4 protein chains.
Amino acid sequence: MFFPDAPTIERGVLIGRDESALSEAADRLGFERTTTDWRDAIDEVDVFYNLGPNHLHAEPSIAALEAGAAVLCEKPLAADDATAERMARAAADAAVPTATAFNYRYVPAIRYAKRLIDAGELGEIRHFRGRYLQDWLVDPDAPWSWRLDADLAGSGALGDLGAHTVDLARYLVGDIAEVSGQLRTFVDERPTPDGEDSSEVTVDDAYSAQAAFENGAVGTLEASRFATGHKNDHAIAIHGSKGSLRFGLERLNELEVNLEGDRGYQRVLVTDEDDPYGERWWPPGHVLGWEHTFVHENYEFLTAVADGGEYRPNFADGATVQRVLAAIEESDERGERLRVE
Amino acid sequence: MFFPDAPTIERGVLIGRDESALSEAADRLGFERTTTDWRDAIDEVDVFYNLGPNHLHAEPSIAALEAGAAVLCEKPLAADDATAERMARAAADAAVPTATAFNYRYVPAIRYAKRLIDAGELGEIRHFRGRYLQDWLVDPDAPWSWRLDADLAGSGALGDLGAHTVDLARYLVGDIAEVSGQLRTFVDERPTPDGEDSSEVTVDDAYSAQAAFENGAVGTLEASRFATGHKNDHAIAIHGSKGSLRFGLERLNELEVNLEGDRGYQRVLVTDEDDPYGERWWPPGHVLGWEHTFVHENYEFLTAVADGGEYRPNFADGATVQRVLAAIEESDERGERLRVE
Amino acid sequence: MFFPDAPTIERGVLIGRDESALSEAADRLGFERTTTDWRDAIDEVDVFYNLGPNHLHAEPSIAALEAGAAVLCEKPLAADDATAERMARAAADAAVPTATAFNYRYVPAIRYAKRLIDAGELGEIRHFRGRYLQDWLVDPDAPWSWRLDADLAGSGALGDLGAHTVDLARYLVGDIAEVSGQLRTFVDERPTPDGEDSSEVTVDDAYSAQAAFENGAVGTLEASRFATGHKNDHAIAIHGSKGSLRFGLERLNELEVNLEGDRGYQRVLVTDEDDPYGERWWPPGHVLGWEHTFVHENYEFLTAVADGGEYRPNFADGATVQRVLAAIEESDERGERLRVE
Amino acid sequence: MFFPDAPTIERGVLIGRDESALSEAADRLGFERTTTDWRDAIDEVDVFYNLGPNHLHAEPSIAALEAGAAVLCEKPLAADDATAERMARAAADAAVPTATAFNYRYVPAIRYAKRLIDAGELGEIRHFRGRYLQDWLVDPDAPWSWRLDADLAGSGALGDLGAHTVDLARYLVGDIAEVSGQLRTFVDERPTPDGEDSSEVTVDDAYSAQAAFENGAVGTLEASRFATGHKNDHAIAIHGSKGSLRFGLERLNELEVNLEGDRGYQRVLVTDEDDPYGERWWPPGHVLGWEHTFVHENYEFLTAVADGGEYRPNFADGATVQRVLAAIEESDERGERLRVE
């Protein structure tokens, strides 16, 4: 409605495991048909959205690419960096846009930050700081889920939350050259959802990392599912030689900026007409929500598909993020600072 | 999509003045047909949305009510309190739900505030403070528009912004018994949009009011279109004998509360599952935007229409707000404190 | 120590009611002698500090002025405007500096605000907003004290807190031409401190006022001793045609400013070397406390005494504030807007 | 004045390098005599304050301890950990209180945090986060000073700022077992103060570290002199299994706490009567400044000297902090995580 120039789409096949849930969802969302076998659907779509759990990202996405479909895949791209690399290669071979669903690049305040940095308003970047805090595992009796299993999820806070932070770091500052990492699992075993048994937690509850960027900046990254009092608090800060900025996801309409000549951070409400996507929505001061990041992401991705343009972050970006995550994890295991290969 | 139990609707007739604009909008929004004469549409709809300028609220809304349609009308209900009263009487005569579009009652944080107050968590209410700050008229060369004409708009900051504040005051604290008001027009004449001429500003640029509530609380209310640096900053604060709360529209997912035993205000992110509308949307910490207040408002209104229930704020609420606004204006003219009749 | 150029002083006579308390305090503070009769001290001092309760401000201060001593008197200057006027006349007749102890003018952030306004950085001032919130009377069983007696204190929140707000309004914006006021006493009777009896509360627990300034600006003022959750929260905001600013006493090192070209308020830490009094204290970012406002106030007052210069706010300022307070009170009684005479 | 029970002191000898500056300062501060040779003063004082640059901490302090004087020494205790260790041994041998001047332990909000943690209000501590941001070296032409020379200062941001953070981490969470560090010098050479030449910068401009505490908590630490827009911003955050807290030095009267049952952080103004040192000062809500931390520190230290009690943080604490700093630096050089020995 707010993007009349967006390509029109037809919702073809909805894929899932449970037939009755599928059928209900297809009705509600307007899909033409459903299937429980993705192989059955790959050939007939122009665009394939892979929103499943991490261990189901690779095969269907690669098959879709080979069938010529553009693919948007949830983050992290894969449970490990080798698999992500395979996906990136498949994307490079296919002549279609791909997307890794790092939707926070599509927060207007983040795009405004990018605009400021690209325009040199922050000068030479010295520091990046990113932390993503949640608290849903604070209770040691919070139940086990697939997200806590290394085989299904790859990693924990690192992959689930850190992937977003690394993507923003690359988007706003540049490529990461070296990292040292620290991962921690505070609670090793949790009750199964039915409460009758317990399962092992094989992923990290929290991670931190120190990073050296290719361009000389340094960074600290951190995420936790044990940060009491924080629901979805993804915050970044950047200090440059001429200015600084701060962002927090729970106040996603705001960017705090401290530019040349300023005596303190300005709280900028990024809802003006000439702000990113600002002319699409309401008058200044009328705030957007989390959902709208997906509207922007899909608008850009589908426009790229329709027009044959480039879309970022693509599978190559997703695979690079994965390599950084893998280096952080390996650095923790070896107790050494590592280059990101 | 998030409210699968919402009544299904058909978009029948879209009414407007300009045929080509109408036709384009009807296509985009999915209306079956268009008309430039509201009389032509009134009889065939079950629900009538009146989103036109203030001086066009009364006649079509009353006609629709007389034809048996439920009506949702933009705020303020009318340009003056006598007209609003006529509308409220028509609503009382019709056996259908009516709505005055005070959408801020449907902000989850506001509904959560209401829940706290109704549960006695704030104790006896002593103070209400409401201010609505915008800055779009700060520039004396900002162009004239219909909103600056008393005949078309009724009043200025008072009716446009103050109406929302008065509605929230009534919703959260109770009925207002007495007011004293102060209105001010800082810039008397503005260039016409084409820049070739100038027109008189016959409404207030800013107002303030002192209020005494029926229940013994006191309040201060204020709005301005000259508040440099504020885009859409509607803020309220309430102090009770046991607790206090604060809200600001530019951070509409948050409510600051200070309850018994607290040593300071807690910043509550009102996005938990058991928060108002919380189970409808995303996991905790994923914020809503301004748009979502309308989703809630329409869900409640259309549900009331479909189920034959009651909806608030209705036309009677809208008319009461109008009486408060009229008393504030008259108080300013007479230089006297007035009872709200 | 930080003001080596401050005049050296000798602490002569300490005046009080209780001899043993006096003697202990004189030892601790380094006074040469004590007396329980102020008449006995007036003649021998160059400077007289009157820090007693409101109803003891006038006679000793006037006597001291007549004896040629400079006088600093606590605020509000008197319990009523006629008495304040007498004090101002005595001050005008004496050729010495006088001070009304509105120490908040000596907060560096407030002086910085004044500097910005005087330099035209805010443009034409449109709005002043001041509120002073405390919560020490929220509990209906909080004991009665002299501050709750109209004969001893003059007024309640209005005189005790509102006096500060009116002084800052005059300092930063200019003289007040018209007011309408609303006073409220929520709890009429309180237990005596010994708990055995109760006494009547004859002053206001809270007040609010609307003001029109001589220069065309408008203002809202408010104070309460029933503002649950606020200890000493004196906040002001000013909007001009080019910029805005905000200040809060609980963060007294900070001024929020929104100047031409800014997209949001900057939080300025007013501790730089070229900030008011900044070169006196520590490096930037090392904050001052409430106490330091008195250091500045005394430095300026005693320097004026030693050098024969002018000091503001003087008794004339104190008396003008009193006239505004009296007009607010009378306006409430009469239910009418009043000119400040 | 606010601590009438503090021991009375006599200011004996003031030591320095420049005779005329010394003499002026001794007059202003009330010292009996001055000397440019500390050996000349050590024998005659009961208490020795060593406020000189880092490389002058050890010899005079050790001599004073051997002469039986209690010693307060500026932080960091020494330019390297071996020297700090020698000082700690000298302190252990002497039967007198020693102090390392980590004054931030004496901020009331920090002591209140300690009280909450000791009472178990935060549960088991999971995360510590500390960052200390300044911006005085952002300009590459900011002049060289002794603080930028490894021989005179030991280290840069790490020793000057990080020492404070490590001390608070130990005070509030406990001993640090392992660290990995990253140091960075952004500008290698700076103009000498006279502007005629340039000197090499041989210390770090910024550091970060990851820490594992003995008790299982993890931490991230960071400081920079290149953090544009931050003057003296020392911030810490702690997350426990039951609650969290946050503190920032630029708002040193406040502690943000999120305790069991809270839905968000409360901003607590730590100025109530039963808060640490609260009964010493003014009524609730009247804020303290940076200076007052020294009043508390000196009160406690001098009381310990007078009463023969224990004082913390002492030289042993100072030496432990130094070992952590040394491990961070060595970890950076070796690219390995290290145990703190």
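Chain identifiers are assigned alphabetically (A, B, ...) following the order of the sequence lines, protein sequences preceding nucleic acid strands; residue numbering begins at 1 within each chain. Bear in mind that the values here come from a model prediction, so they are computed numbers and not experimental data.
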Undergrad: Examine whether an atom of B:Ser180 lies under 4.5 Å from a heavy atom of chain C, and if so say whether it belongs to the side chain, the backbone or both; otherwise answer neither.
TA: both
Undergrad: Taking the side chain as everything from C-beta on, heavy atoms only, tell me whether C:Thr228 gets closer than 4.5 Å to B:Lys242.
TA: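 They are not in contact (no side-chain heavy atoms under 4.5 Å apart), so the answer is no.
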Undergrad: Give, as side chain, backbone, both or neither, the part of C:Ser208 having an atom under 4.5 angstrom from any heavy atom of chain B.
TA: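 Both parts, backbone and side chain.
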Undergrad: Would you indicate whether the side-chain heavy atoms of C:Arg131 and B:Arg129 approach each other to under 4.5 Å?
TA: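 In short, these two side chains touch, coming nearer than 4.5 Å.
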Undergrad: Looking at C:Gly216, C:Ala211, C:Gly240, which has the largest count of heavy-atom pairs under 4.5 Å with chain B?
TA: C:Ala211
Undergrad: Select one option (side chain, backbone, both, neither) describing which atoms of C:Lys231 are under 4.5 Å from chain B's heavy atoms.
TA: neither
Undergrad: Under 4.5 Å from any heavy atom of chain B, what part of C:Leu338 do you find: side chain, backbone, both or neither?
TA: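 Neither part.
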Undergrad: Counting only non-hydrogen atoms closer than 4.5 Å, does C:Asp262 touch chain B with its backbone (N, CA, C, O), its side chain (CB onward), both, or neither?
TA: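 Neither part.
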Undergrad: Counting heavy-atom pairs closer than 4.5 Å to chain B, which one of C:Gly181, C:Pro140, C:Gly123, C:Gly219 comes out on top?
TA: C:Gly181
Undergrad: So for B:Leu122, is it side chain, backbone, both, or neither that comes closer than 4.5 Å to the heavy atoms of chain C?
TA: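 Neither; nothing under 4.5 Å.
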Undergrad: Can C:Val138 and B:His239 be said to form a side chain to side chain contact (heavy atoms under 4.5 Å, CB included), step by step?
TA: CA-CA 10 Å; C:Val138 163; B:His239 305 291; over 6 Å; no
Undergrad: Taking the side chain as everything from C-beta on, heavy atoms only, tell me whether C:Glu222 gets closer than 4.5 Å to B:His127.
TA: yes
Undergrad: Working note: C:Gln182 + B:Thr220, criterion side chain to side chain contact (heavy atoms under 4.5 Å, CB included); need CA distance, chi angles, decisive distance, verdict.
TA: CA-CA 10 Å; C:Gln182 176 172 276; B:Thr220 57; 5.9 Å; no
Undergrad: Among C:Glu336, C:Arg334, C:His230, C:Arg263, who wins on heavy-atom pairs under 4.5 Å with chain B?
TA: C:His230
Undergrad: Heavy atoms only, distances under 4.5 angstrom: which of C:Ser331, C:Ala209, C:Ala217 has the most pairs with chain B? Name it, please.
TA: C:Ala209
Undergrad: With a 4.5 angstrom heavy-atom cut-off, is it the side chain or the backbone of C:Ala237 that approaches chain B, or both, or neither?
TA: neither
Undergrad: I'd like to check C:Asp332 versus B:Arg337 (side-chain heavy atoms, cut-off strictly below 4.5 Å). Are they in contact?
TA: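 Contact flag for C:Asp332/B:Arg337 side chains = yes.
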Undergrad: Report yes if some heavy atom in the side chain of B:Phe226 is under 4.5 Å from a heavy atom in the side chain of C:Glu124; otherwise report no.
TA: no
Undergrad: Taking side chain as everything from C-beta outward and backbone as N, CA, C, O, which of these in C:Arg126 sits under 4.5 Å from a heavy atom of chain B? Side chain, backbone, both or neither.
TA: both
Undergrad: Only pairs of heavy atoms separated by less than 4.5 Å count here; which of C:Ala227, C:Ser241, C:Gly264 has the most with chain B?
TA: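 Result: the option with the highest number of such pairs is C:Ala227.
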Undergrad: Between B:Tyr207 and C:Gln210, is there a side-chain heavy-atom distance shorter than 4.5 Å?
TA: no
